Participant: 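Would you mind keeping the following structure in view while I ask a few things?
Below, each value reflects all heavy atoms present in this structure, side chains not excepted, and no hydrogens, waters or symmetry copies. This structure is a prediction, so every number in the text was calculated from the model and none was measured. Proteins get letters first, then strands, A, B, ... in listed order; numbering begins at 1 in each.
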2 protein chains.
Amino acid sequence: MTVKTAQHPDTADLTLTSVLAALADPIRMHLVQTLADGREKAWSELSAPVAKSTLSHHLKVLRSAGVTRTRQEGTRCFVRLRSDDLDERFPGVLPSVLAAATHVAGPRQG
Amino acid sequence: MTVKTAQHPDTADLTLTSVLAALADPIRMHLVQTLADGREKAWSELSAPVAKSTLSHHLKVLRSAGVTRTRQEGTRCFVRLRSDDLDERFPGVLPSVLAAATHVAGPRQG
DNA sequence: CTCCTTGTTCGACGTTCGTAGTACGTCGAA
DNA sequence: TTCGACGTACTACGAACGTCGAACAAGGAG
């Protein structure tokens with residue numbers, strides 16, 4: 001928080017390399033999958049097997065890469081995917097990655 | 001070379017994280033773009049502003065991630081994208097990434 | 001055979017990353 | 001005001017990464 005928590009890059013400043021690097025981590029990929037439905041998630045909803053500070057770090061990486069957007073509401077913040085911005089700049093990348101991640105870790109029932 | 005140069009993972013063993021990590025580097029992305037036409041390229045054709053050993057390293061990362069396939073012919077080797085395998089395992093990912101990388105670094109005229 | 005070319009491997013270096021703990025600032029409640 | 005909850009910033013450390021030069025191994029040319 002500390003006021004300047006929200007440091008979101010402009011859509012035009014997003015780089016493919018940074019986005020891919022942000023997605024190239026199991027923890028962060030899991031976070032992105034959690035956000036894949038497009039709905040905003042509270043910080044506490046983003047479960048990850050890491051310490052609080054580490055989760056904050058990963059969220060910052062996603063935020064800095066332009067993958068997510070964080071909104072503050074009082075002391076707590078809500079995170080959501082920047083699907084529209086991402087798809088405007090890198091059409092199809094996020095959907096295909098999300099689909100690939102899902103049909104790899106998702107349907108484990110059959 | 002040294003005989004066991006070719007260490008290609010099976011298509012089923014490819015992981016999205018490894019593929020994304022392999023693509024999340026400017027040098028490697030450039031190499032992949034060079035191979036994007038699907039045609040096999042000779043080692044010496046893969047120009048990169050790095051030392052020979054570094055280029056070899058990056059090629060190994062791409063190979064280990066299953067992004068490329070290396071074929072030896074005498075003392076020299078030829079590299080090509082595993083587009084089919086990649087698209088079978090992670091449909092649409094490589095094409096969209098390639099398209100995004102191209103319309104970012106490619107058409108700089110307008 | 002000897003030389004030269006090609007690409008990999010190894011050792012080393014500095015940087016970045018992932019992780020956690022601690023301290024800090026902000027907000028809401030009492 | 002004091003207290004507690006929330007999320008970030010800072011600090012530190014080991015591991016992994018990107019880079020290079022040198023040594024090495026495998027083939028081809030003479």
Side-chain angles (χ1 to χ4, degrees), chain A residues 1-9 15-32 34-35 40-80, chain B residues 1-9 15-32 34-35 40-80:
Chain A
M1 328 189 78
T2 63
V3 172
K4 50 203 56 187
T5 297
Q7 296 262 45
H8 302 98
T15 68
L16 182 60
T17 298
S18 297
V19 171
L20 293 180
L23 297 175
D25 178 278
I27 299 287
R28 292 194 291 264
M29 179 60 81
H30 181 70
L31 293 173
V32 170
T34 302
L35 296 166
E40 208 174 46
K41 296 283 188 299
W43 212 88
S44 49
E45 292 183 78
L46 301 173
S47 63
V50 293
K52 189 174 61 167
S53 57
T54 305
L55 178 56
S56 183
H57 161 70
H58 284 304
L59 254 5
K60 182 178 182 179
V61 172
L62 289 172
R63 201 190 315 139
S64 300
V67 176
T68 62
R69 187 182 297 280
T70 298
R71 178 178 64 87
Q72 293 185 50
E73 188 172 307
T75 62
R76 64 202 65 185
C77 35
F78 298 88
V79 186
R80 63 183 167 84
Chain B
M1 329 188 81
T2 64
V3 171
K4 50 202 55 184
T5 296
Q7 295 263 43
H8 301 99
T15 68
L16 182 59
T17 297
S18 296
V19 171
L20 293 180
L23 297 175
D25 178 278
I27 297 288
R28 292 194 292 264
M29 178 60 82
H30 181 70
L31 293 173
V32 169
T34 302
L35 297 166
E40 206 174 49
K41 296 284 189 297
W43 212 89
S44 49
E45 292 184 77
L46 302 173
S47 62
V50 292
K52 188 175 60 166
S53 56
T54 304
L55 178 57
S56 182
H57 163 70
H58 284 305
L59 254 7
K60 183 178 181 179
V61 172
L62 289 172
R63 202 190 314 141
S64 301
V67 177
T68 61
R69 188 181 296 281
T70 297
R71 179 178 63 87
Q72 291 185 50
E73 188 172 306
T75 62
R76 64 202 67 183
C77 34
F78 298 87
V79 185
R80 62 184 168 85

Participant: In this structure, how many angstroms lie between the C1' atom of dT19(D) and the NE2 atom of His58(B), rounded?
Facilitator: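 Between C1' of dT19(D) and NE2 of His58(B): 8 Å.
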Participant: Contacts to DNA chain C from residues 40-53 of chain B, heavy-atom cutoff under 4.0 Å, which residues?
Facilitator: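 Within this stretch, Trp43(B), Lys52(B), Ser53(B) sit under 4.0 Å of the strand.
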Participant: Strictly below 4.0 Å: does Arg76(A) bring a side-chain N or O up to OP1 or OP2 of dT26(C)?
Facilitator: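 Arg76(A) to dT26(C) OP1/OP2: no side-chain N or O under 4.0 Å.
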Participant: Rounded to the Å, how far apart are Leu55(B) CG and dT9(C) C1'?
Facilitator: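 After rounding, the reported distance stands at 15 Å.
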Participant: With Ala21(B), which residues qualify under side chain to side chain contact (heavy atoms under 4.5 Å, CB included), at least two apart?
Facilitator: Ala24(A)
Participant: To the nearest Å, give me how far apart NE2 (His30(B)) and C1' (dG18(D)) are.
Facilitator: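 About 17 Å, once rounded to whole Å.
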Participant: Output all residues satisfying salt bridge (charged side-chain N to carboxylate O under 4.0 Å, His left out) with Glu45(A), sequence neighbours left out; order by chain, then residue number.
Facilitator: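 Salt bridge (charged side-chain N to carboxylate O under 4.0 Å, His left out) check on Glu45(A) returns nothing, list empty.
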Participant: For DNA chain C, what is the dot-bracket line, given that a base pair needs Watson-Crick (N1 to N3, plus N6-O4 or O6-N4) or G-U wobble (N1-O2 and O6-N3) geometry with both distances under 3.5 Å, and | means paired with another strand?
Facilitator: ||||||||||||||||||||||||||||||
Participant: Excluding sequence neighbours, so at least two apart, what forms side chain to side chain donor-acceptor pair (under 3.5 Å) with Arg80(B)?
Facilitator: none
Participant: Take Leu23(A) and Leu16(B) through the test side chain to side chain contact (heavy atoms under 4.5 Å, CB included) and record every step on the way to the result.
Facilitator: CA-CA 9 Å; Leu23(A) 297 175; Leu16(B) 182 59; over 6 Å; no
Participant: Generate the contact string for nucleotides 12-17 of chain C. Rules: B means base contact, S means sugar-phosphate contact only, - means no protein heavy atom under 4.0 Å.
Facilitator: ------
Participant: Kindly indicate whether the side chain of Thr70(A), heavy atoms from C-beta on, has any atom under 4.5 Å from the side chain of Leu59(A).
Facilitator: no
Participant: CD1 of Ile27(B) versus C1' of dT19(D): gap in Å, rounded?
Facilitator: 10 Å
Participant: Find the distance Arg71(A):CZ to dT26(C):P and express it as a whole number of Å.
Facilitator: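 One finds 20 Å between P of dT26(C) and CZ of Arg71(A), rounded.
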Participant: Report the residues that fulfil side chain to side chain donor-acceptor pair (under 3.5 Å) with Ser18(B), sequence neighbours left out, ordered by chain and then residue number.
Facilitator: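 With neighbours one apart ignored, the set is Thr15(B).
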Participant: Please determine if a side-chain N or O atom of Ser56(B) lies less than 4.0 Å away from the OP1 or OP2 oxygen of dT8(C).
Facilitator: yes
Participant: Nearest 0.5 Å, please: how far is CG in Leu46(B) from CZ in Phe78(B)?
Facilitator: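 Atom-to-atom, Phe78(B):CZ and Leu46(B):CG are 10.5 Å apart.
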Participant: Using whole Å, what does the distance between atom P of nucleotide dC17(D) and atom NZ of Lys60(B) come to?
Facilitator: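 Rounded to whole Å, this separation is 11 Å.
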Participant: Expressed in angstrom and rounded to an integer, what is the separation of Glu73(B) atom CD from dG27(D) atom P?
Facilitator: 13 Å
Participant: Quick one: side chain to side chain donor-acceptor pair (under 3.5 Å) pairs with a partner in residues 46-58 of chain B, sequence neighbours left out?
Facilitator: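 Residue pairs with at least one partner in residues 46-58 of chain B: Arg28(B)-His58(B).
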Participant: Measure the distance from CG on Leu20(A) to C1' on dC17(D) and round it to the nearest whole Å.
Facilitator: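 Whole-Å distance recorded here is 17 Å.
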Participant: Can you sort out the partners of Pro9(B) under side chain to side chain contact (heavy atoms under 4.5 Å, CB included), two or more places apart, ordered by chain and number?
Facilitator: Leu14(B), Arg82(B)
Participant: Consider the side chain of Thr75(A), meaning its heavy atoms from C-beta on, and name the nucleotide among dT26(C), dT8(C), dT19(C) that approaches it most closely.
Facilitator: dT26(C)
Participant: Mind checking what makes side chain to side chain contact (heavy atoms under 4.5 Å, CB included) contact with Ser64(B), not counting sequence neighbours?
Facilitator: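 If we apply the side chain to side chain contact (heavy atoms under 4.5 Å, CB included) test to Ser64(B), skipping adjacent residues, the hits are Lys60(B).
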Participant: Taking all atoms of both residues into account, what is the closest heavy-atom pair of Asp25(B) and Thr17(A), and its distance?
Facilitator: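 Closest approach of Asp25(B) to Thr17(A): N-CG2, 4.2 Å.
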